[in-house]
Structures are given as structure tokens and as C-alpha cells.
Number of protein chains: 2
Amino acid sequence: MHELFAENQAFRANGRLWIEGPADRFLGIGRLELLEQIQATGSISKAAKAMGMSYKKAWDLVSSMNSQARQPLVGAQVGGAHGGGAALTPAGAQAVAEFQAMQERFAQFLADETARLYQ
Amino acid sequence: MHELFAENQAFRANGRLWIEGPADRFLGIGRLELLEQIQATGSISKAAKAMGMSYKKAWDLVSSMNSQARQPLVGAQVGGAHGGGAALTPAGAQAVAEFQAMQERFAQFLADETARLYQ
DNA sequence: GGGCGTTATATTTTTTATAATATAACGGTA
DNA sequence: TACCGTTATATTATAAAAAATATAACGCCC
């Protein structure tokens, strides 16, 4: 396929990967990063800010994940010491770990396909 | 991961795959289908109609592909017998065949990942 | 030569997605 | 008790994407 575009190897295979349920997307790269940020910051609002995302959008994503999973991925407390906060549940931590692994396998797939473009 | 969502196996891995150049997307599933329709119908406008896509969008996509590839993927004639038409060049036919194969490998990857969700 | 269907292109409108703003409630803490 | 930062939610405004509309040119064919 390399004859088609350029000799400078500037073309590459890329893509997006996600897990979807019967009604909606369940987990993708954006939701994964949101979960990671919640894990790191302890709050949905801080996670949203870190990602340059509106709080509403972050909350909607969390709500979508929590309602689709058998057990919520994110637990939240409203009020209290510092206003409240959020954290990953064990199920959330497991989802993060497993989807990270899935992403790594996908990255390898993409690297293989990019290499094949030039072989 | 199956403990996370449901016992009815309604969740699955899904995704999108494309080839991108330095500036823009080069070839994805939508562009592939457009090329296939051009191949089948002999015209950009008929291909667009078959896909429920505006002619302008189809033309923009063809233009993007033709300008990125070393050789155009689609050749077009304006005026003439039936107003003109378009057809795949040999490079276009090759791009279709190779990206179809890439898509098939991706479908297998997604099937493997879906199976892994429940193993 | 006039009509036809197509390519090629620009402009406008509509739709969709995203962001911004607003408000209430909550529960520690000073 | 008043305050604070957060969750939770709705509404409005903005931006981006897509679709619709318009127009010119082209070259065979009747």
C-alpha cells in the first residue's frame, strides 16, 4: 500500500476502541481517562477540570457508566469535609485495569497495521 | 470483566479504524464505502445518493483522498455521454482491497476482544 | 444548438454536539 | 449557624458538523 501515498512513512493506522452495551456506549478512551482522573483527584469536578471538560459532561458520563454496570464504577459523596468527592469502586478500578489492557492490545494492533502499510 | 455488566452477553468490543496522513484522515470505513459505491455506480452523485450522503460531502471526501494519495484514487469525467461520471483508478481499486483486508483483521480483533470480555 | 446529467464549487440553512450558566441540596468545619 | 466545595440537575447559549440550496461549466446526443 506504500506505493499509494508517500515514501516518508507519514501515514499510519489509527482508530478508536470501546465497549458498548445494548443501549449506549459503556467505556471508551475518554471515559477511561475520566475514571483515571477521578482516581487521581478524588472528585468529578476536579477530574473534569483536568480534562478541560465541563462538569455536566463528566457527570453525564459517570451516570451513564454507573447505570449500565451491575455495580457502580464511581461512588460519590455530597457535602462534608471538602464539599464531597468521588472515588472509584472496586468494580471501577477493575474496569480501568481491564480496559487499559484492552487499549494496549489495540495499540499493538495499530502498530502492526502501520508496519504492514510499508512492508 | 463479565462480572461488571451483565450475564446476558449484551456487551461487546467495538471500534473504528482508519489510515491517517500528516494533515488529515486518508481512508476510513465511510470513505471505503464511498469508493465501493463509486465502483458500483460509476458516479460520485449516485454513490452519494446510495449512501444517503450529500453530493458535496462525497465530493469533499473524494477530493481529500485524491489530494493525499500520490496518485488519485478516483478519476472523474465532466460532461459527455451521460453527463460524466467517476471510476476507481487502479490505485483506488488497490486501496479498496487493502483496506477491506485491514477491516477484516480488525473485525477479528474485535471478536477476540468481545470473547475475552466473557472468558 | 439545446437539453441532459454530471462534476465542481460556494453559500446558506439546519441539525447536532458541546459548553456555559444557574440553582438547589448536602454535610463537615470554623 | 454560616460557609465552603462538591454533587446533582436543568436551562440557555455557543460552536461545530452536516445538510440543503444554488450556480457554472462541461461534453455527448438528439
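What you see is a predicted model, and the numbers here were worked out from it, not measured in a lab. First the proteins, then the strands, lettered A, B, ... as listed; each starts at 1.
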Residue-phosphate contact under 4.0 Å: A/Lys46 side-chain N/O, D/dT6 OP1/OP2:
yes
Quick one: is A/Ser45 getting a side-chain N or O under 4.0 Å of the D/dT7 phosphate, OP1 or OP2?
yes
DNA chain C: A/Tyr55 or A/Val78, which has the more 5' nearest nucleotide?
A/Tyr55
Between A/Met53 and B/Trp59, the residue closer to the 5' end of DNA chain C by nearest nucleotide is B/Trp59
Indicate yes or no: does B/Asp112 engage B/Arg116 in a salt bridge with an N to O separation below 4.0 Å.
no
Toward the 5' end of DNA chain D, by each residue's nearest nucleotide, A/Gly80 or A/Val62:
A/Gly80
Hey, which sits more toward the 5' end of DNA chain D by its nearest nucleotide, A/Ala81 or A/Gln77?
A/Ala81
Let me know the distance between [atom1] of [X] and [atom2] of [N], rounded to the nearest Å.
{"X": "B/Met51", "N": "D/dA19", "atom1": "CE", "atom2": "C1'", "answer": "15 Å"}
{"X": "B/Ile38", "N": "C/dT6", "atom1": "CD1", "atom2": "P", "answer": "13 Å"}
{"X": "A/Leu61", "N": "D/dT7", "atom1": "CG", "atom2": "C1'", "answer": "15 Å"}
{"X": "A/Leu34", "N": "D/dT7", "atom1": "CG", "atom2": "C1'", "answer": "14 Å"}
{"X": "A/Lys57", "N": "D/dA13", "atom1": "NZ", "atom2": "P", "answer": "21 Å"}
{"X": "A/Lys56", "N": "D/dT12", "atom1": "NZ", "atom2": "C1'", "answer": "12 Å"}

Ring centers of A/Phe99, A/Phe106 separated by less than 6.0 Å:
no
Atom CZ of residue position B/Arg16 - does it have more than 12 heavy atoms of other residues, nucleotides or ligands inside 6.0 Å?
no
Does a side chain donor of either B/Ser45 or B/Ser43 reach within less than 3.5 Å of an acceptor in the other side chain?
yes
What's the closest nucleotide to the B/Ser43 side chain, out of C/dA19, D/dT7, C/dT7?
C/dT7
